[in-house]
K.L.:
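I am attaching a structure below and will ask some questions about it afterwards.
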Amino acid sequence: MKQLKKSPNQDMLYHNCSRTASRCQNNMNFHPNPNNHKSNKGVALLTVVVLLFAVMILILTGAQLITNSYRESKQQQNTVAEAENVAKSGLVDAISWFKRQEAQPVHNSSHSPLHSWEDGAFNPKEVKLDTIDENMGLVKEYELSENGIRWARYEVKRQSETIVPDAAQDITAERFNGTEQKGDGLAWSIVSTGYVYRRKAAIPFNIFPNEIVAKCKMSTEIIRMNLQIPACAFIVKDGGTAGHETVNLFPNGRINGGSSGTACGRFLGQPPLLSGGTVIGSSLYSVVLNDPTIKYVLGISTIELKSLADFTVGSVNSLPNPLPDMSLIYIDGDATFDLSRPLKASGVLVVNGNLTVSAGSSSLFSGLIYVSGTITINPPCDITGCVIAYSGLTLNNLSTSDITEIDYDNNILTAVRQRICQYRENKSAHRTLSIPNF
């Protein structure tokens, strides 16, 4: 039998059919495992859980680190604050030391030198329990914790023949422009260093194993006011001339100089006009030798007075009510005291302006009143000590039976000198010099 010859197209068709059949057979023989898909899901879920767990660990670790850092920062802040308070305690104790000394001011002037150097008057003593180290100056140590581990120490150094850095210095010549000089003791610069340390052995605080954990250094200045008042109940710069009187005393107005003082003193002009009032004193009028400026009367400038005052305000409404006793008050502007805010206090009142005491206020003041302008006082009012009205006075210009009175009292003024004019801190000079980290 004759074989038929295959064409090329027939061969190609044959091979394609064979290949297709083979594929179909392979597909028929393939049986996928249904568990493979489940296994992949399990691996993915496990991976997610592990990642979430790692993230949670990171979050918790970070939170713990932040908490620890905050706690350590807070502890450091508290320790630094403790060192600040220790340094402040040194300043307070040093100011108290100056005030306690019998000889005032605390000075080392040429006529009675304590040492060969001008700052030698600051010399705390161990025998007086002022200090634990009189060679250094004013030094104290005390416990801060109940377990006896945390201790505080402050040092206010004294000056010596060789210059000691940060030691107490007499700065009178720098703060006063008159005849005062270094060594007169009217102004002092004080530096206090405060330490907080861990006391592990009964040896010096800065020797191992003791450990300083915080340190602070603060400075301030103290100034002593030198109250200079002639023995007068009332003082005015200019008594005025006829028709231009600056002092007017009406019925039921009284000025009493007492047996040891003059009723009225003036620096310039004619005697004050007294019409209908009562004037009593060892002499009725006198001429004061110096211009009664703030600088002369208190020994300090107006700027220094503002910094030394217990209260420096712009109006009466800014003062506490009732007013405190034995305080130094400076009012920068006109001031009016009335029934709702009476002038009931003691100490020193300085008004940079005009002062008015309204009728019916029942004011009562003991001490020194200094007014740069004029004073108008209405009844009832009783002032004991001294009144200085630089530009003039009107006393009791109302028709009333109530009395307005100014009485000179040297005992009151002596108390003012002892309690108010002693060394006072210049608040504008108070500063923190350094707080090193340990």
K.L.:
Apply salt bridge (Lys or Arg N to Asp or Glu O under 4.0 Å) to the pair Arg158 and Asp119, showing each step before the final yes or no.
P.N.:
CA-CA 8 Å; Arg158 62 182 291 265; Asp119 313 293; over 6 Å; no

K.L.:
Can we call the ring centroids of Tyr195 and Phe205 under 6.0 Å apart?
P.N.:
yes

K.L.:
Can you tell me if CZ on Phe208 sees more than 12 non-hydrogen neighbours from other groups inside 6.0 Å?
P.N.:
no

K.L.:
With sequence neighbours excluded, tell me which residues meet salt bridge (Lys or Arg N to Asp or Glu O under 4.0 Å) with Asp310.
P.N.:
Arg424

K.L.:
Before giving the answer on side chain to side chain contact (heavy atoms under 4.5 Å, CB included), spell out for Ser189 and Ile171 the whole-Å C-alpha distance, their side-chain angles and the decisive distance to 0.1 Å.
P.N.:
CA-CA 6 Å; Ser189 171; Ile171 57 172; 4.0 Å; yes

K.L.:
Quick one: list whatever passes side-chain hydrogen bond (donor to acceptor under 3.5 Å, both in side chains) with Thr262, sequence neighbours left out.
P.N.:
Ser283

K.L.:
Are side-chain heavy atoms of Tyr408 and Leu413 found at a separation under 4.5 Å?
P.N.:
yes

K.L.:
Under the salt bridge (Lys or Arg N to Asp or Glu O under 4.0 Å) test, which residues partner Asp332, sequence neighbours left out?
P.N.:
Lys306

K.L.:
Check side chain to side chain contact (heavy atoms under 4.5 Å, CB included) between Pro204 and all other residues, then give those that pass, not counting sequence neighbours.
P.N.:
Asn206, Ile207

K.L.:
Using a cut-off of 6.0 Å, state whether more than 12 heavy atoms not belonging to Ile57 lie near its atom CD1.
P.N.:
yes

K.L.:
Taking NZ, NE, NH1 and NH2 as the nitrogens, is one of them in Asp407 or Arg254 under 4.0 Å from a carboxylate oxygen of the other?
P.N.:
no

K.L.:
Not counting sequence neighbours, list each pair that qualifies as a ring pair (Phe, Tyr, Trp, His ring centres under 6.0 Å) and has a residue in residues 119-138.
P.N.:
Trp97-Phe122, Phe98-Phe122

K.L.:
Indicate yes or no: at least one non-hydrogen side-chain atom of Glu155 is less than 4.5 angstrom from one of Asp133.
P.N.:
no

K.L.:
Sequence neighbours excluded, which residues qualify as salt bridge (Lys or Arg N to Asp or Glu O under 4.0 Å) partners of Asp93?
P.N.:
Lys140

K.L.:
Can you confirm whether the side chains of Thr220 and Glu425 place a donor and an acceptor under 3.5 Å from each other?
P.N.:
yes

K.L.:
Sequence neighbours left out, what passes salt bridge (Lys or Arg N to Asp or Glu O under 4.0 Å) with Glu141? Give chain and number order.
P.N.:
Arg153

K.L.:
Excluding sequence neighbours, so at least two apart, what forms side chain to side chain contact (heavy atoms under 4.5 Å, CB included) with Asn411?
P.N.:
Asp409

K.L.:
For the residue pair Gln228 and Leu298, establish whether any side-chain heavy-atom pair is separated by less than 4.5 Å.
P.N.:
no

K.L.:
Using the salt bridge (Lys or Arg N to Asp or Glu O under 4.0 Å) rule, collect all pairs that involve residues 284-304, keeping only residues at least two apart or in two chains.
P.N.:
none

K.L.:
Using side-chain heavy atoms (C-beta onward) and a distance below 4.5 Å, is Glu211 in contact with Tyr197?
P.N.:
no

K.L.:
Between Ile406 and Asn256, does the side chain to side chain contact (heavy atoms under 4.5 Å, CB included) criterion hold? Intermediate values first, please.
P.N.:
CA-CA 6 Å; Ile406 300 174; Asn256 185 359; over 6 Å; no

K.L.:
Under the salt bridge (Lys or Arg N to Asp or Glu O under 4.0 Å) definition, can you give me all pairs with a residue in residues 164-176, not counting sequence neighbours?
P.N.:
Asp166-Lys217, Arg175-Glu221

K.L.:
If the condition is side chain to side chain contact (heavy atoms under 4.5 Å, CB included), which residues does Leu52 pass it with, not counting sequence neighbours?
P.N.:
Val48

K.L.:
May I ask you to decide whether Glu82 forms a salt bridge with Arg150, counting only side-chain N to carboxylate O separations under 4.0 Å?
P.N.:
yes

K.L.:
Between Arg266 and Tyr285, is any pair of side-chain heavy atoms under 4.5 Å apart?
P.N.:
yes

K.L.:
Identify all side-chain donor-acceptor contacts of residues 337-349 below 3.5 Å with residues at least two apart in sequence or on another chain.
P.N.:
from   : atom 1 : to     : atom 2 : distance (Å)
Asp338 : OD1    : Ser340 : N      : 3.2
Asp338 : OD1    : Ser340 : OG     : 2.8
Asp338 : OD1    : Arg341 : N      : 3.0
Arg341 : NE     : Asn317 : OD1    : 3.4
Arg341 : NH1    : Val316 : O      : 3.4
Arg341 : NH1    : Leu319 : O      : 3.0
Arg341 : NH2    : Asn317 : O      : 3.3
Ser346 : OG     : Met326 : N      : 2.9

K.L.:
I'd like to know whether His430 forms a side chain to side chain contact (heavy atoms under 4.5 Å, CB included) with Asn426, so could you lay out the CA-CA distance, the side-chain angles of the two residues, the decisive distance to 0.1 Å, and finally the verdict.
P.N.:
CA-CA 7 Å; His430 185 107; Asn426 183 355; over 6 Å; no

